[in-house]
**Q** 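This is the structure I want to talk about, given as structure tokens.
Just so you know, ligand 1 is whichever comes first in the structure, and atom 1 is the first atom listed for that ligand. Remember, predicted model here, so these are calculated numbers, not experimental data.
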Amino acid sequence: MATPDLDFARDFPTSEALHERALHVLPSGIAHDSRHFQPFPLYVERAQGAHKWTADGRELIDCGMGHGALILGHGNPAVVEAVTRQIQLGTHFSAGHPLEVEWAERVCRLVPSVDLVRFTSSGTEATMMAWRLCRAFTGRSRFLKLAGHFHGWHDEATVGAGASLTEPGTVGFNPLGVTLTKAILPNDVEALRAELETGEYAGFILEPSGGGMGDVPLAKGYLQAARDLTARTGTVLVFDEVVTGFRFAPGGAQDFYGITPDLTTMAKALAGGLPGGAVGGRAEIMDWLAFHDEPGGRTKKVTQQGTFNANPLSAAAGIAGLDQLADGSVQKTINERTHRLCEGINQVLQALDEPGTAYHVGSLFHLYIGADCPIWMEGDEIKGEIDLARLRRGMPGQEMFRKAMYERGVDLFHGGGLLSIAHTDADLDQIVSGVESTIRAQRA
Ligand code: PMP
């Protein structure tokens with residue numbers, strides 16, 4: 001793919017200078033692996049609504065939205081107000097506080113499967129805790145996951161997190177620890193049945209959107225099969241709703257699809273755009289975190305600490321955010337807008353006779369432009385062959401495409417993005433016309 005009409009260094013000189021400095025103090029000059037970008041990543045100074053401004057003063061429509069945390073947009077007034085009030089009252093009391101109770105009450109009320117919840121500081125910590133709770137509850141050691149499904153960066157979560165079934169996506173992992181987690185191909189119900197029927201697995205975790213924020217969608221019926229087979233084999237079913245939680249519907253993907261897991265991991269929208277995560281679920285599983293002080297009570301428990309668990313700032317932001325997500329109208333609007341965005345892009349592809357597709361699950365959308373795209377949207381449904389390796393690799397020239405979209409005022413995220421309630425019709429039009437003009441420029 002040719003470089004379309006770009007002079008990155010001319011257009012983003014302050015970002016380039018910042019990156020030069022960053023290279024002296026941050027490995028690769030970045031703070032998150034997904035920000036690695038050639039020739040250099042952009043540095044952003046401020047954001048409002050669905051837009052952000054780079055240090056170079058260039059305005060971008062944000063399709064990353066806090067990696068999905070900012071479903072209400074940047075600078076949501078109620079969140080800003082709640083955090084501003086709380087920062088003056090205190091950010092850490094080395095004690096429980098009223099807001100953590102209120103926050104937990106909302107989570108238990110909104111998420112169908114959650115009787116009890118324990119807060120963490122991130123999604124990674126939430127899934128680590130899920131692994132541990134499943135083992136404590138079942139007394140089994142092995143753990144099952146799906147290839148291409150991302151659950152954070154701890155050792156066991158990295159098994160098969162990329163396109164490979166067996167390779168942890170990192171070096172430096174504990175070689176003994178990872179042998180207990182196995183990844184199988186998504187959408188293969190027979191493989192799932194064969195593994196679960198061994199009766200050896202403590203838990204089975206998946207992204208209910210499909211792996212990589214719905215990049216590799218789940219086939220229809222797979223979630224139900226997962227529910228039935230885990231129930232039959234005494235395996236704890238964990239939905240990783242770090243992205244989908246409160247986003248697909250007030251109660252997350254389990255609410256959206258009507259399938260109830262045993263445990264749920266959450267983060268992102270949970271904390272209103274501040275750091276925060278949680279694991280919640282059936283009382284008898286969550287009870288392994290509880291102290292049993294009574295005579296004859298359980299003497300051993302699952303331990304958990306974490307300086308910033310349920311900290312007052314994140315709790316304040318979380319409450320203010322969840323209160324705006326409770327009636328489902330935000331999610332309904334965003335899901336519909338995401339559908340319209342994909343329709344708009346698909347019309348452009350058709351009009352230009354360009355092979356490829358824009359597809360979405362809820363408010364998570366992906367672009368795959370290229371003749372080898374194996375899937376397409378028909379109405380609300382994704383059709384075709386859900387080819388893990390191909391979809392996980394992303395469309396050919398994805399980085400170049402993102403760069404060209406920067407030039408057109410759009411910041412894509414993982415070959416697509418996530419919408420927020422702050423994205424307007426004008427924003428969607430600009431994304432669609434950006435795709436059209438990028439394709440035209442590439443042809444020229
Ligand atoms: N699970 C899923 C599905 C995620 O998408 C992510 C992060 N993108 C995580 C877990 C890890 O969350 P965190 O980055 O907060 O550790």
Side-chain angles (χ1 to χ4, degrees), residues 30-36 63-71 111 118-134 143 145-162 168-170 181 183 186 203-218 223 226 237-248 252-254 256-257 261 263-281 304 306-311 314 317-318 321 361-366 391-392 412-418:
I30 51 177
H32 189 299
D33 278 356
S34 74
R35 296 187 194 136
H36 180 63
C63 295
M65 298 313 295
H67 293 203
L70 294 163
I71 184 172
V111 188
R118 174 59 73 94
F119 291 106
T120 64
S121 287
S122 68
T124 295
E125 289 174 54
T127 63
M128 275 168 67
M129 175 51 72
W131 250 262
R132 194 179 273 187
L133 276 170
C134 292
F143 213 92
K145 71 181 290 293
L146 293 176
H149 285 228
F150 184 75
H151 304 295
W153 59 270
H154 59 90
D155 281 3
E156 290 185 86
T158 64
V159 177
T170 180
T181 289
F204 173 44
I205 190 169
L206 51 79
E207 286 184 74
S209 57
M213 302 189 181
D215 187 19
V216 187
L218 285 177
L223 284 179
L237 177 62
V238 186
F239 277 7
D240 181 351
E241 298 234 35
V242 163
V243 173
T244 56
F246 313 103
R247 170 173 283 277
F248 274 25
Q254 56 199 270
F256 190 69
Y257 294 119
L263 279 185
T264 302
T265 54
M266 295 158 269
K268 304 207 191 243
L270 167 75
L274 265 65
V279 58
Q304 188 233 14
T307 300
F308 286 101
N309 295 349
N311 72 83
S314 297
V361 198
S363 51
L364 317 172
F365 70 93
H366 299 274
L391 294 172
R392 211 63 183 111
L412 295 175
F413 186 67
H414 291 314
L418 312 90

**Q** Which residue holds the protein heavy atom closest to atom 1 (N) of ligand 1, what is that atom called, and what is the gap in Å?
**A** Asp240 OD2, 2.6 Å
**Q** Going by the side-chain contact (heavy atoms from CB on, under 4.5 Å) test, name the single residue among His366, His67, Met65 that passes it with Phe413.
**A** His67
**Q** Do me a favour and list the nearest non-hydrogen protein atom to atom 14 (O) of ligand 1 with residue, atom name and distance?
**A** Thr124 OG1, 4.5 Å
**Q** Do His154 and Thr127 have side-chain atoms, one donor and one acceptor, less than 3.5 Å apart?
**A** yes
**Q** Which of the atoms in ligand 1, numbered in the order shown and given with their element, are less than 4.0 Å from a heavy-atom of Ser122?
**A** 15 (O), 16 (O)
**Q** Working to the nearest 0.5 Å, report the span between CE of Met213 and OG1 of Thr244.
**A** 10.5 Å
**Q** Pairing donors with acceptors under 3.5 angstrom, does anything connect the side chains of Glu125 and Thr120?
**A** no
**Q** So is His67 touching ligand 1 or not, going by heavy atoms under 4.0 Å?
**A** no
**Q** For Glu207, take its heavy atoms, then give the atoms of ligand 1 lying under 4.0 Å from any of them.
**A** 3 (C)
**Q** In Å and rounded to the nearest 0.5 Å, what is the OG to OH distance from Ser209 to Tyr257?
**A** 7.0 Å
**Q** Working to the nearest 0.5 Å, report the span between OG1 of Thr170 and CG of Asp155.
**A** 7.5 Å
**Q** Let me confirm one number: the CG-CG distance from Leu146 to Leu218, rounded to the nearest 0.5 Å.
**A** 7.0 Å
**Q** Between ligand 1 and Thr127, is the shortest N or O to N or O distance under 3.5 Å?
**A** no
**Q** What residue and atom, counting heavy atoms only, is the protein's closest point to atom 5 (O) of ligand 1, and at what distance?
**A** Val243 CG2, 3.2 Å
**Q** Counting non-hydrogen protein atoms only, what is the nearest one to atom 8 (N) of ligand 1? Give residue, atom name and distance.
**A** Lys268 NZ, 3.0 Å
**Q** What is the ring orientation for Trp131 with Phe143, classed by angle as parallel under 30°, tilted 30 to 60°, or perpendicular over 60°?
**A** parallel
**Q** Which protein non-hydrogen atom lies closest to atom 3 (C) of ligand 1, naming both residue and atom, and how far is it?
**A** Phe150 O, 3.2 Å
**Q** Which ligand 1 atoms does Val242 reach within 4.0 Å, using its non-hydrogen atoms?
**A** 1 (N), 2 (C), 4 (C), 6 (C), 9 (C), 10 (C), 12 (O)
**Q** Considering distance alone, does some N or O of Gly123 sit under 3.5 Å from an N or O of ligand 1?
**A** yes
